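To start, the structure itself, in structure tokens.
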Amino acid sequence: MDNPVRRPHYQMVWITRGTGYFSIDLEKFRMTDDTIYTIPSGRFHQFTPSGELSGYVLSFNVDFLNLAIEATERPFFKEISADLHRVNMVVLESGNPVLQNILADMIREFGTHQTLRLEILSSLFKIFLIYMKRMATTTRQEEASSHKIRLFNNFYAKLDKEFKTMKQVAEYASELSVSPSYLTDVVKKVSGHSASHHIQQRMVQEAKRLAMYDDASLKMVAYALGFDDLSHFSKFFKNAAGINFSEFKKKNDQVA
């Protein structure tokens, strides 16, 4: 893939065999065998393989996701939904004939035009998601309780939707019916970073994306992120990114 691409739907990319790098927005992952990457809608991504790749790409919209997981309020499926709403890398146990068989069934059913095709596909996808969670080994801290993980997932899902208008930890805490100090403590324990850090980095990620892929100016980016004061945004960007906005654009223009 020569240039970054952006899709309007969710994607799951399963690299069954291959090496190289996989970039999602400004995050760069090393590709390894039996690794699944989740890509939320609207995110730029690019493959840079160092040889031949094999695997699968699953693309779906939010309606199909909701049809597949059905009981969206159950904790397990809320966790799956939260995983798919953020960039995530899932490392699977080596050798996954179960998942491959499910995908083979999905591919076969997708090629048919029989009745109840959508229902069968969504049911197979639900089973795929369940097995994926069972087999996954992630870097997430396993000592965190399921309640804390659910709170973090709810926080991040809300952050991904509201970061342009909600910039304070207290706002998210109020929406999630917890105190700001408790939310900060839980997010820190689960992810290793504070809630305010996640808020800042989500905004900076969007600012960099607009600057790199849309060639947006400082004023355009500040307006898009809800900053009325350009000097305030400029200071925010430098503090959070470690480089001022004009230097960032110049550096990436030279790379391009």
Side-chain angles (χ1 to χ4, degrees), residues 3-8 10 21-29 37-46 48 82 84-89 151-256:
N3 298 305
V5 295
R6 177 167 55 179
R7 306 298 184 198
Y10 297 90
Y21 291 94
F22 187 32
S23 301
I24 307 175
D25 279 340
L26 303 171
E27 297 183 74
K28 193 173 185 180
F29 302 89
Y37 304 90
T38 61
I39 310 171
S41 61
R43 302 293 183 89
F44 284 93
H45 55 281
Q46 180 179 22
T48 310
L84 295 174
H85 278 79
R86 66 174 184 268
V87 174
N88 198 26
M89 181 178 74
L151 179 59
F152 171 77
N153 286 335
N154 290 338
F155 161 72
Y156 203 93
K158 188 167 290 293
L159 170 62
D160 199 49
K161 292 180 180 179
E162 308 291 347
F163 69 92
K164 292 181 182 179
T165 56
M166 292 172 57
K167 298 179 172 60
Q168 303 299 322
V169 175
E171 295 176 282
Y172 291 94
S174 177
E175 289 285 319
L176 296 168
S177 301
V178 296
S179 69
S181 60
Y182 182 74
L183 179 61
T184 295
D185 181 63
V186 168
V187 172
K188 176 75 172 178
K189 285 182 177 178
V190 173
S191 70
H193 296 286
S194 67
S196 59
H197 173 84
H198 283 284
I199 295 170
Q200 287 185 347
Q201 291 306 307
R202 184 64 186 88
M203 287 193 288
V204 167
Q205 179 189 62
E206 185 70 13
K208 288 180 176 179
R209 184 166 62 196
L210 290 170
M212 286 181 63
Y213 301 123
D214 294 345
D215 195 28
S217 66
L218 174 70
K219 184 177 181 180
M220 292 167 63
V221 174
Y223 179 77
L225 294 180
F227 285 84
D228 296 324
D229 188 331
L230 293 185
S231 63
H232 181 205
F233 172 73
S234 181
K235 291 177 182 177
F236 164 79
F237 185 91
K238 184 172 183 178
N239 289 336
I243 184 174
N244 68 44
F245 186 84
S246 60
E247 289 174 346
F248 173 80
K249 283 209 68 171
K250 182 178 179 180
K251 179 180 177 181
N252 284 279
D253 287 343
Q254 290 173 347
V255 172

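When a residue number appears, it is its place in the shown sequence, counting from 1. All values derive from a computational prediction rather than experimental measurement.
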Rounded to the nearest 0.5 Å, what's the gap from [atom1] on [X] to [atom2] on [Y]? Could you check?
X    : Y    : atom1 : atom2 : value
Y223 : L218 : OH    : CG    : 15.0 Å
Q205 : L210 : CD    : CG    : 10.5 Å
K189 : S191 : NZ    : OG    : 12.5 Å

Minimum heavy-atom separation for [X] and [Y], please, with both atom names.
X    : Y    : value
Q46  : F22  : O-CD1, 3.3 Å
K249 : D215 : NZ-OD1, 2.8 Å
S41  : Y10  : N-CD2, 3.9 Å
L225 : A207 : CD1-CB, 3.8 Å
V204 : A241 : CG1-CB, 4.0 Å
L183 : L176 : CD1-CD1, 4.1 Å

Validation row: [X], [Y] side chains within 4.5 angstrom (heavy atoms):
X    : Y    : result
M203 : K164 : no
M212 : F44  : no
L159 : Y156 : yes
H45  : R6   : no

Any residue meeting salt bridge (charged side-chain N to carboxylate O under 4.0 Å, His left out) with [X], in chain and number order, not counting sequence neighbours:
X    : answer
K167 : none
D214 : none
E162 : none

Applying side-chain contact (heavy atoms from CB on, under 4.5 Å), can you list everything that pairs with [X], at least two apart in sequence or on another chain?
X    : value
D160 : R43, R202
D228 : none
S181 : S179
S217 : K219, M220

Under the side-chain hydrogen bond (donor to acceptor under 3.5 Å, both in side chains) test, which residues partner [X], sequence neighbours left out?
X    : value
S234 : none
S196 : S194
Y37  : none
S231 : D229

>> Is there a side-chain contact (heavy atoms from CB on, under 4.5 Å) between F245 and K238? Walk through the geometry before answering.
In response: CA-CA 7 Å; F245 186 84; K238 184 172 183 178; over 6 Å; no

> For E247, does the CD atom sit with more than 12 other heavy atoms under 6.0 Å from it, leaving out its own atoms?
Replying inline: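 For E247, atom CD is crowded (more than 12 foreign heavy atoms under 6.0 Å).
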
> Strictly under 6.0 Å, is that where the ring centroids of F152 and H198 end up?
Replying inline: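 That pair passes the under 6.0 Å test.
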
> What ring pair (Phe, Tyr, Trp, His ring centres under 6.0 Å) pairs are there with at least one residue in residues 160-194, not counting sequence neighbours?
Replying inline: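 Listed once each, the pairs are F155-Y172, H193-H197.
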
